[in-house]
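Only one structure is covered here, and it is reproduced in the block below.
Just so you know, these numbers use all the heavy atoms, side chains as well, and skip hydrogens, waters and symmetry mates. Residue numbers count from 1 along this sequence.
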Amino acid sequence: MGLRGNTLSVMKKIVNAIRWFFSNHTCVFWLGMAIVLLATTLEVVRGRNTNYFDYQDSTRMFWEGLSPYNLEYAQAHGIYFLYSPVFSVIFAPIFLSPWWLGPYLWNIGNYSLFSLAIQKLPHQFDKYKHWIFLFLFSVILQTVFCYQHNIIVAYIYIFAFILLERGKGFWAVFLIMLSATTKVYGVAELAILLCYPKMWRNFGYAILCGAFFLLLPAINTSFDNPFMLYQEMFDMIASHHSDSDFVGILFARGLKPFLLPNYRIVQVILFILLGIAFFVRYKRWHQLEFRVQALAVLTGFMILFSDCPETHTYIIAFPFYAMAFWLRQERNWIDWTLFWSLVVNFCILPTDVLCPVWLHEYIHETFWLDVYTYFLCWLRIIWWAVGPEEKVMIPKKAMTVLLALLIPMAIQAQNNKTFKVKGVSFKMVYVEGGSFSMGAFPNDKEADADEVRHQVRLNSFYMGETEVTQALWEAVMPKNRSKNKSPQHPVEYVTYDMCKEFISRLNSMSGLHFRLPSEAEWEYAARGGNKSKGYLYSGSNNIAEVANYLKDPNHAAHQPVAQLKPNELGLYDMSGNVWEWCEDWYRKTPQSKPSSNFYVIRGGAYDCDPKYCRVSNRFMYDQRRRFRHVGFRLALSARE
């Protein structure tokens with residue numbers, strides 16, 4: 001009993017010490033500072049502070065009289081600088097510091113200024129400042145770790161709000177326009193000026209400050225017309241597209257097919273509705289609680305319904321959500337449930353030391369709980385801001401029904417993944433695992449003896465949406481040996497070992513584990529996985545719809561990828577165009593001994609009869625040989 005009592009006493013002291021530590025703002029601040037220093041050192045030593053390099057390179061180009069918005073340079077290096085020339089002027093002092101010191105100045109400065117912004121909140125937040133900072137602690141560190149600019153937008157929003165509350169309209173507008181003229185997110189805060197005295201004077205300040213900052217790049221006399229840089233910047237922004245599924249409600253599972261095709265209409269209609277609600281409640285503009293709620297709604301709309309939101313952009317919206325939450329006099333079970341769900345989905349799961357990366361990605365990509373949770377938080381704040389004054393009780397049954405409707409939509413589909421290497425994007429399509437009958441259909445009269453029908457069970461994986469293109473090959477390998485050269489054509493004239501070398505280099509560049517598909521994975525994906533409709537060719541019984549095959553021997557050549565109809569999974573050219581290497585040694589039957597010279601190739605090619613383009617057709621090829629009709633596509637395990 002004595003030993004047990006001592007153990008419990010020690011454990012209690014440890015728990016109390018941890019509780020005291022995290023209840024003390026000074027302790028938490030310096031813990032964060034230590035993590036910032038350690039993370040910055042690791043990234044500098046490993047040379048992985050790539051966002052900082054982008055800021056540095058673009059600033060160097062600007063001051064040397066070169067446009068950082070050169071599209072040819074951007075496409076060649078995969079670097080799209082999306083900040084205005086004003087940023088290059090303001091960043092100059094950090095750029096001029098020693099190469100090793102700049103990253104520390106950037107990260108320590110941003111972390112310290114964000115912490116200071118929270119501490120300077122109006123006195124009504126005195127009881128909650130530490131808890132707001134603690135809620136944001138993990139998100140701040142995630143943003144600092146990757147040298148993101150959005151933390152600057154976030155603390156400028158907070159400082160501007162503080163200055164407006166203190167009646168310092170000019171300096172508040174000065175900060176807003178500083179943010180707006182470096183990255184457009186900042187301009188939205190001008191809307192809150194409506195809630196403060198001397199509105200028209202403040203808008204006048206906005207015009208003057210905006211003009212001042214926009215003229216600032218003119219101090220660099222290296223350019224004949226520095227204002228042309230703004231046009232080039234907008235051209236670069238317009239040319240910067242990604243097929244990625246971003247982390248916003250427009251891209252959420254279940255809602256994406258309805259919202260994304262009409263996203264501009266959705267944005268405009270919702271903005272109008274929010275504007276009407278804001279003006280309808282004009283009598284509340286004098287209330288601090290309403291102004292905080294309005295900023296929470298504004299920043300939430302800006303992130304949730306953005307064209308390209310990423311996880312780190314939520315740092316702009318979360319401070320005002322936290323402020324609105326803690327300022328609320330009555331918080332019921334709904335509010336606390338949503339609050340702790342946000343903590344789990346944005347503070348714990350994305351933190352590598354607290355949660356494995358594969359688990360976080362699985363939860364996000366399967367359920368999208370992070371986005372749906374914040375969306376519900378955002379709707380809740382709208383209710384607080386513009387709902388009735390009287391307390392309205394929301395039954396637990398109603399919330400249960402709402403969640404029951406939203407969660408199945410979130411589970412509806414797994415997320416595909418888009419990757420980029422030196423400016424070249426390629427998509428990996430999610431293939432849900434399952435069992436299938438591999439081999440020829442029972443009534444297939446063209447089947448060969450090696451197309452033995454047998455049961456196979458596979459785990460989930462990703463398969464390249466298209467064959468590896470020559471553009472992607474050239475981004476990874478020093479030389480393209482294809483006979484028919486064109487960036488969007490499949491790479492060909494490659495041996496098995498050349499494909500493996502490409503994959504090894506790609507893995508080193510990406511930090512992932514791409515590979516060739518197994519033969520079973522290839523056939524399962526070609527058939528359409530668990531969405532298969534039993535087609536003879538990949539995606540159709542009519543070969544002309546889905547395959548580039550031998551129609552005219554005098555005009556046989558491979559064509560650009562993804563020109564024909566995809567199969568049930570969204571995969572292109574699994575039948576025809578070029579043969580595709582698989583990981584496996586060739587076996588005559590599933591029980592046969594594997595060859596020691598020949599690997600499997602699948603899918604047929606542009607110079608093949610339809611017989612060879614069937615989903616079950618198999619062919620063997622010497623690993624040392626290459627030909628202009630043999631290429632490959634990538635696979636990736638589902639946990640990557």
Could you report the tightest heavy-atom contact between [X] and [Y], atom names first, then the distance?
X	Y	value
A39	F145	CB-CD1, 3.1 Å
Y205	G169	CD1-C, 4.3 Å
I140	Y111	CG2-CD1, 3.9 Å
A471	V424	O-CG2, 3.8 Å
I303	T313	CD1-O, 3.5 Å
V86	F213	CG2-O, 3.2 Å

Do [X] and [Y] have side chains that approach each other closer than 4.5 Å (heavy atoms only, starting at C-beta)?
X	Y	result
E43	Y147	yes
I94	T59	no
L121	I132	yes
L569	M463	no
L255	L250	no
V292	W384	no
F114	I315	yes
V173	L163	no

Using a strict cut-off of less than 4.0 Å between a Lys/Arg side-chain nitrogen and an Asp/Glu carboxylate oxygen, indicate whether E465 and K417 qualify as a salt bridge. no
If you round to the nearest 0.5 Å, how far is [atom2] of [Y] from [atom1] of [X]?
X	Y	atom1	atom2	answer
L472	F426	CG	CZ	5.5 Å
F301	I249	CZ	CD1	13.0 Å
F290	L288	CZ	CG	12.0 Å
M428	L571	CE	CG	9.5 Å
F161	I176	CZ	CD1	11.5 Å
I192	L298	CD1	CG	7.0 Å

Heavy-atom count around [X] [atom1] within 6.0 Å, excluding the residue itself: above 12?
X	atom1	answer
K198	NZ	no
M228	CE	no
F227	CZ	yes
F271	CZ	no

Determine whether a donor-acceptor pair (N or O, by modelled atom type, separation under 3.5 Å) exists between the side chain of [X] and the backbone of [Y].
X	Y	result
K129	Q119	yes
S179	L175	no
N262	I265	no
N220	F62	yes
W368	G254	no
Q142	F346	yes
S115	S112	no
S84	T181	yes
S460	E432	no
R253	F367	no

Determine the interplanar angle of the [X] and [Y] rings, folded into 0 to 90°, and report it as parallel if under 30°, tilted if 30 to 60°, perpendicular if over 60°.
X	Y	value
W336	F339	perpendicular
W106	F87	perpendicular
Y374	Y321	perpendicular
F135	F318	tilted

Would Y372 and L376 satisfy side-chain contact (heavy atoms from CB on, under 4.5 Å), going step by step from the backbone distance to the final call? CA-CA 6 Å; Y372 276 114; L376 290 175; 5.6 Å; no
For a side-chain contact (heavy atoms from CB on, under 4.5 Å) check, start with the C-alpha distance between V561 and Y572, then their side-chain angles and the critical distance, and finish with the verdict. CA-CA 7 Å; V561 299; Y572 292 89; 5.9 Å; no
Given F251 and Y263, is the side-chain contact (heavy atoms from CB on, under 4.5 Å) satisfied, shown in steps? CA-CA 10 Å; F251 303 85; Y263 73 97; over 6 Å; no
W285 vs F279, test: ring-ring contact (aromatic ring centres under 6.0 Å, His included). Steps then yes/no. CA-CA 9 Å; W285 289 3; F279 282 101; 5.6 Å; yes
Before giving the answer on side-chain contact (heavy atoms from CB on, under 4.5 Å), spell out for F375 and L379 the whole-Å C-alpha distance, their side-chain angles and the decisive distance to 0.1 Å. CA-CA 6 Å; F375 179 59; L379 293 177; 3.7 Å; yes
Evaluate T351 against S138 for side chain to side chain donor-acceptor pair (under 3.5 Å), listing each step before the verdict. CA-CA 7 Å; T351 306; S138 174; 2.9 Å; yes
Given the rule in the salt bridge (Lys or Arg N to Asp or Glu O under 4.0 Å) test, do R328 and D335 qualify, once you have shown the distances and angles that lead to the verdict? CA-CA 10 Å; R328 184 78 176 166; D335 304 322; 5.3 Å; no
Name of the residue among Y83, Y155, F91 meeting ring pair (Phe, Tyr, Trp, His ring centres under 6.0 Å) with H149: Y83
Evaluate side chain to side chain donor-acceptor pair (under 3.5 Å) for R284 paired with Q287, printing each intermediate quantity in order. CA-CA 5 Å; R284 299 183 186 177; Q287 301 172 3; 5.3 Å; no
Under the criterion ring-ring contact (aromatic ring centres under 6.0 Å, His included), I'd like the reasoning laid out for F174 against W171: C-alpha separation, chi angles, the key distance, then a yes or no. CA-CA 5 Å; F174 183 87; W171 293 110; 5.6 Å; yes
Starting from the C-alpha separation in whole Å, work towards a yes-or-no answer on salt bridge (Lys or Arg N to Asp or Glu O under 4.0 Å) for E165 and R291. CA-CA 10 Å; E165 290 297 317; R291 294 193 292 272; 2.8 Å; yes
CA sep, side-chain torsions, deciding dist, call: E232, S67, side chain to side chain donor-acceptor pair (under 3.5 Å): CA-CA 8 Å; E232 293 176 6; S67 171; 2.4 Å; yes
